[in-house]
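The structure displayed is predicted, hence computed values, not measured ones.
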Amino acid sequence: VFGAVESGGGSVQAGGSLSLSCVASGVPSNCMAWFRQAPGKEREGVAVIYAGGTTIYADSVKGRFTISQDSDPNTSRLQMTQLKPEDSATYYCAGGFLLPNSCKRAFESGSDFGYWGQGTQVTVSS
């Protein structure tokens, strides 16, 4: 069974930090990504890591968020700093075993990942 479990969400004041973790099971992951969806908004890609360390970030989080993958390749983390109220959303991890270009396309389209997590809530108050 393929799946993932996120943890680390919570509530924080603007300017604060949170770290999210994603542990996947069932398939080795060389492509792991984070998405978020706020109420009434479309899901958007936040960050992706693939090919052993190549990363892509949404413009809205560049310089504030850092995605990483543990030595256990099925674990990814999203370190979020300088949080803003507009970062409030449910954060989902997704991943799979994909060629680099396929991983990039999956991140851009938000589809074709092998698994998705159930989501963890992040709330940033002003």
Side-chain angles (χ1 to χ4, degrees):
V1 176
F2 302 156
V5 178
E6 304 96 337
S7 61
S11 298
V12 66
Q13 288 192 326
S17 301
L18 282 174
S19 182
L20 306 182
S21 296
C22 172
V23 179
S25 61
V27 61
S29 301
N30 65 348
C31 167
M32 297 191 81
W34 288 89
F35 290 78
R36 66 186 181 187
Q37 187 167 21
K41 294 188 177 181
E42 291 189 356
R43 185 176 61 194
E44 64 171 336
V46 175
V48 62
I49 185 167
Y50 62 100
T54 301
T55 57
I56 300 173
Y57 294 93
D59 287 344
S60 59
V61 306
K62 281 181 182 176
R64 300 188 298 121
F65 290 12
T66 303
I67 188 171
S68 61
Q69 197 168 9
D70 284 7
S71 54
D72 170 5
N74 286 348
T75 299
S76 74
R77 304 186 191 279
L78 185 68
Q79 178 67 37
M80 306 183 294
T81 65
Q82 303 172 55
L83 283 161
K84 305 174 181 180
E86 51 263 43
D87 294 319
S88 296
T90 300
Y91 283 70
Y92 301 88
C93 74
F97 194 83
L98 301 169
L99 294 174
N101 282 339
S102 296
C103 180
K104 289 175 61 178
R105 285 195 294 269
F107 180 66
E108 291 165 358
S109 67
S111 61
D112 297 328
F113 286 102
Y115 57 80
W116 287 83
Q118 295 298 309
T120 185
Q121 180 67 37
V122 171
T123 302
V124 185
S125 58
S126 57

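Side-chain atoms of S29 and Y115 form a donor-acceptor pair, as typed in the model, at a separation below 3.5 Å.
Here F107 and F35 bring their ring centres to under 6.0 angstrom of each other.
By the 6.0 Å contact criterion, CD on E44 is enclosed, its count of non-hydrogen atoms from other residues, nucleotides or ligands being greater than 12.
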- Task: May I have the step-by-step check of side-chain contact (heavy atoms from CB on, under 4.5 Å) for C31 and V48, ending in yes or no?
- Result: CA-CA 7 Å; C31 167; V48 62; 4.3 Å; yes

Between side-chain atoms of residues 49-59 and protein atoms elsewhere (two or more places apart, or another chain), which donor-acceptor pairs fall under 3.5 Å?
unit_1: Y57; atom_1: OH; unit_2: I67; atom_2: N; d: 2.9
unit_1: D59; atom_1: OD1; unit_2: K62; atom_2: NZ; d: 3.1

Which pairs would a plain distance check flag for residues 85-101, meaning a side-chain donor or acceptor within less than 3.5 Å of a matching protein atom at least two apart in sequence or in another chain?
unit_1: D87; atom_1: OD1; unit_2: R36; atom_2: NH1; d: 2.9
unit_1: D87; atom_1: OD1; unit_2: R64; atom_2: NH2; d: 3.0
unit_1: D87; atom_1: OD2; unit_2: R64; atom_2: NH1; d: 2.7
unit_1: D87; atom_1: OD2; unit_2: R64; atom_2: NH2; d: 3.4
unit_1: D87; atom_1: OD2; unit_2: K84; atom_2: N; d: 2.8
unit_1: S88; atom_1: OG; unit_2: P85; atom_2: O; d: 2.9
unit_1: S88; atom_1: OG; unit_2: V124; atom_2: N; d: 2.8
unit_1: S88; atom_1: OG; unit_2: V124; atom_2: O; d: 3.4
unit_1: T90; atom_1: OG1; unit_2: Q121; atom_2: OE1; d: 2.9
unit_1: Y91; atom_1: OH; unit_2: R36; atom_2: NH1; d: 2.9
unit_1: Y91; atom_1: OH; unit_2: D87; atom_2: O; d: 2.6

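At distances below 3.5 Å, not a single donor-acceptor pair connects side-chain atoms of Q69 with backbone N or O atoms of S76. Side-chain N or O atoms of N74 include none that pairs as donor or acceptor with a backbone N or O of V23 at under 3.5 Å.
Residue pairs meeting the salt bridge (Lys or Arg N to Asp or Glu O under 4.0 Å) criterion with at least one partner in residues 16-28, sequence neighbours excluded, do not occur; the list is empty.
When all heavy atoms of L20 and G9 are compared, the pair lying nearest together is CD2-N, 3.5 Å. The two residues S21 and W34 have their closest heavy-atom pair at O-CH2, 3.6 Å. In terms of heavy-atom proximity, E6 sits nearest to G119 at OE1-N, 2.8 Å.
Each of Q79, Q82, M80 was compared with F65 under the side-chain contact (heavy atoms from CB on, under 4.5 Å) criterion, and only M80 meets it.
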